[in-house]
Amino acid sequence: MEEKLSGIVLGGVNFGENDKILNVFTLEKGVVSAKIKGVKKAGAKLKFAAEPFCFAEFIFSVRANMRTVIGASLIDSFYPVREDIIKYFAAGTVLEFVRRFYKENITSPEGFISTVNVLKDIAYGDGSARRKLISYLIEELKDTGFQLDVKGCATCEKEIEGRVFFDYRSGSFYCEKCFDGVGREVSLDTLKTLQRAESGLDSMDAFEVKALKLLSYYIENRAEESFNSLKELIKIL
């Protein structure tokens with residue numbers, strides 16, 4: 001049986017001498033695994049289809065629930081992310097997020113569209129790749145059950161203007177008056193950067209770094225996941 005799916009290559013592992021096993025995030029079937037043969041050979045016809053960020057219409061041969069790539073028509077390679085190190089690690093974090101938070105064969109059209117859009121925006125759009133990544137992570141964490149509440153103090157519901165405290169267990173921020181002693185203090189600029197990113201607004205570069213550090217801390221402690229691309233991005237900023 002043949003199957004045609006639109007998908008983005010999240011990554012892959014070597015299999016045998018010349019083959020790979022790919023993880024592909026598809027519109028129609030969610031994340032799927034598929035073998036692609038001979039792509040490590042020089043001049044392989046489908047070499048492009050085994051590269052991370054490849055967005056293509058894939059044709060799979062399906063036998064006994066195992067997919068094999070037999071054809072692919074490139075839609076976009078998001079090539080500019082390979083020419084800018086900040087874009088590269090920001091886009092890499094997006095792929096890692098999908099690999100860790102989206103389960104195989106669970107369809108998520110909204111998540112797929114969101115992922116395509118942020119990769120396009122990082123690759124081709126103007127403005128900060130960091131801010132685009134922050135916005136994506138905030139939205140996707142909400143959609144995958146790990147929502148950050150950045151509106152204001154989670155207890156009194158007022159806008160925070162002084163000291164700010166963050167509790168990773170709930171993903172909430174608290175003012176000094178409502179803080180119960182459990183959590184860590186963060187800068188007000190970090191909270192305001194998250195708020196601006198959620199609203200699609202730009203902010204100062206230094207504050208975006210702080211926001212990314214907090215998101216990394218939150219993901220590691222609340223969701224027990226760690227993204228190498230995000231760590232590398234933070235190192236170079």
Side-chain angles (χ1 to χ4, degrees), residues 1-109 111-120 122-124 129 133 136-137 140 144 219 223-233:
M1 177 179 101
E2 290 188 3
E3 181 179 55
K4 185 181 291 187
L5 303 174
S6 298
I8 301 167
V9 176
L10 304 176
V13 295
N14 294 332
F15 182 79
E17 190 172 343
N18 293 302
D19 304 342
K20 283 189 172 183
I21 301 293
L22 304 180
N23 283 333
V24 185
F25 186 32
T26 71
L27 173 63
E28 300 88 352
K29 295 282 180 77
V31 177
V32 300
S33 297
K35 181 189 291 187
I36 186 165
K37 297 180 178 180
V39 291
K40 294 170 66 179
K41 296 179 181 178
K45 181 180 178 182
L46 290 175
K47 199 175 190 70
F48 74 93
E51 295 296 319
F53 306 113
C54 172
F55 177 25
E57 185 176 67
F58 289 88
I59 301 175
F60 300 100
S61 171
V62 184
R63 294 181 181 177
N65 295 321
M66 179 62 195
R67 292 178 173 88
T68 301
V69 179
I70 58 174
S73 299
L74 183 67
I75 297 171
D76 200 337
S77 67
F78 307 108
Y79 188 78
V81 304
R82 295 170 172 82
E83 301 179 312
D84 182 293
I85 193 167
I86 292 176
K87 288 184 177 183
Y88 179 78
F89 284 123
T93 302
V94 171
L95 298 192
E96 283 196 68
F97 187 97
V98 175
R99 284 205 305 270
R100 305 292 179 83
F101 283 87
Y102 283 84
K103 305 302 181 183
E104 285 208 18
N105 300 307
I106 302 298
T107 305
S108 178
F112 182 84
I113 292 168
S114 176
T115 299
V116 170
N117 286 341
V118 75
L119 290 175
K120 283 183 178 179
I122 290 172
Y124 306 112
L133 175 60
Y136 173 82
L137 291 175
E140 287 299 304
T144 51
I219 290 168
E224 298 182 345
E225 295 287 357
S226 180
F227 301 154
N228 291 330
S229 294
L230 182 54
K231 288 183 177 180
E232 292 300 319
L233 177 61

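The structure presented is a predicted model; accordingly, all values stated were derived computationally and were not measured.
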Minimum-distance pair of heavy atoms, taken over all atoms of [X] and [Y]:
X    : Y    : value
K20  : V39  : CG-CG2, 4.1 Å
F60  : A34  : CE2-CB, 3.5 Å
L133 : A90  : CD1-O, 3.7 Å
A49  : F58  : O-CE2, 3.8 Å
E140 : S114 : OE2-OG, 3.2 Å
K37  : D19  : CA-OD1, 3.3 Å

Side chain to side chain, [X] and [Y], heavy atoms closer than 4.5 Å:
X    : Y    : value
S226 : K231 : yes
E28  : E3   : no
K40  : E17  : no
L119 : V81  : no
P52  : L10  : no
I106 : V31  : no

message: Set out, in order, the CA-CA distance, both residues' side-chain angles and the distance that settles side chain to side chain contact (heavy atoms under 4.5 Å, CB included) for F15 and I36, then state yes or no.
response: CA-CA 9 Å; F15 182 79; I36 186 165; over 6 Å; no
[X] side, atom [atom1]; [Y] side, atom [atom2] - distance, nearest 0.5 Å:
X    : Y    : atom1 : atom2 : answer
I113 : L27  : CD1   : CG    : 6.5 Å
F48  : L74  : CZ    : CG    : 6.0 Å
F112 : K29  : CZ    : NZ    : 14.0 Å
L137 : T144 : CG    : OG1   : 9.5 Å
L22  : K35  : CG    : NZ    : 11.5 Å
S61  : M66  : OG    : CE    : 10.0 Å

Just by modelled atom types, is the [Y] backbone N or O under 3.5 Å from a matching donor or acceptor in the [X] side chain?
X   : Y    : result
R67 : V32  : no
N23 : G12  : no
T93 : L230 : yes
E2  : I59  : no

Trace of the side chain to side chain contact (heavy atoms under 4.5 Å, CB included) decision for E51 with S77
CA-CA 9 Å; E51 295 296 319; S77 67; over 6 Å; no
Practice problem: Just say parallel, tilted or perpendicular for the rings of Y136 and F97, cut-offs at 30° and 60°. | Solution: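 Perpendicular.
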Exercise. Parallel, tilted or perpendicular for Y88 and F53, by the 30°/60° rule?
Worked result: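 Ring orientation, 0 to 90° scale: perpendicular.
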(message) Would you say CD of E224 has more than 12 non-hydrogen atoms from neighbouring residues, nucleotides or ligands within 6.0 angstrom?
(response)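 Not buried by this count: 12 neighbours or fewer within 6.0 Å.
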Legend entry - Set of ring-ring contact (aromatic ring centres under 6.0 Å, His included) partners for F89, sequence neighbours left out: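 Once residues adjacent in sequence are excluded, F89 has no partner under the ring-ring contact (aromatic ring centres under 6.0 Å, His included) criterion.
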Worked verdict on I8 versus L95 for side chain to side chain contact (heavy atoms under 4.5 Å, CB included) = CA-CA 9 Å; I8 301 167; L95 298 192; 4.3 Å; yes
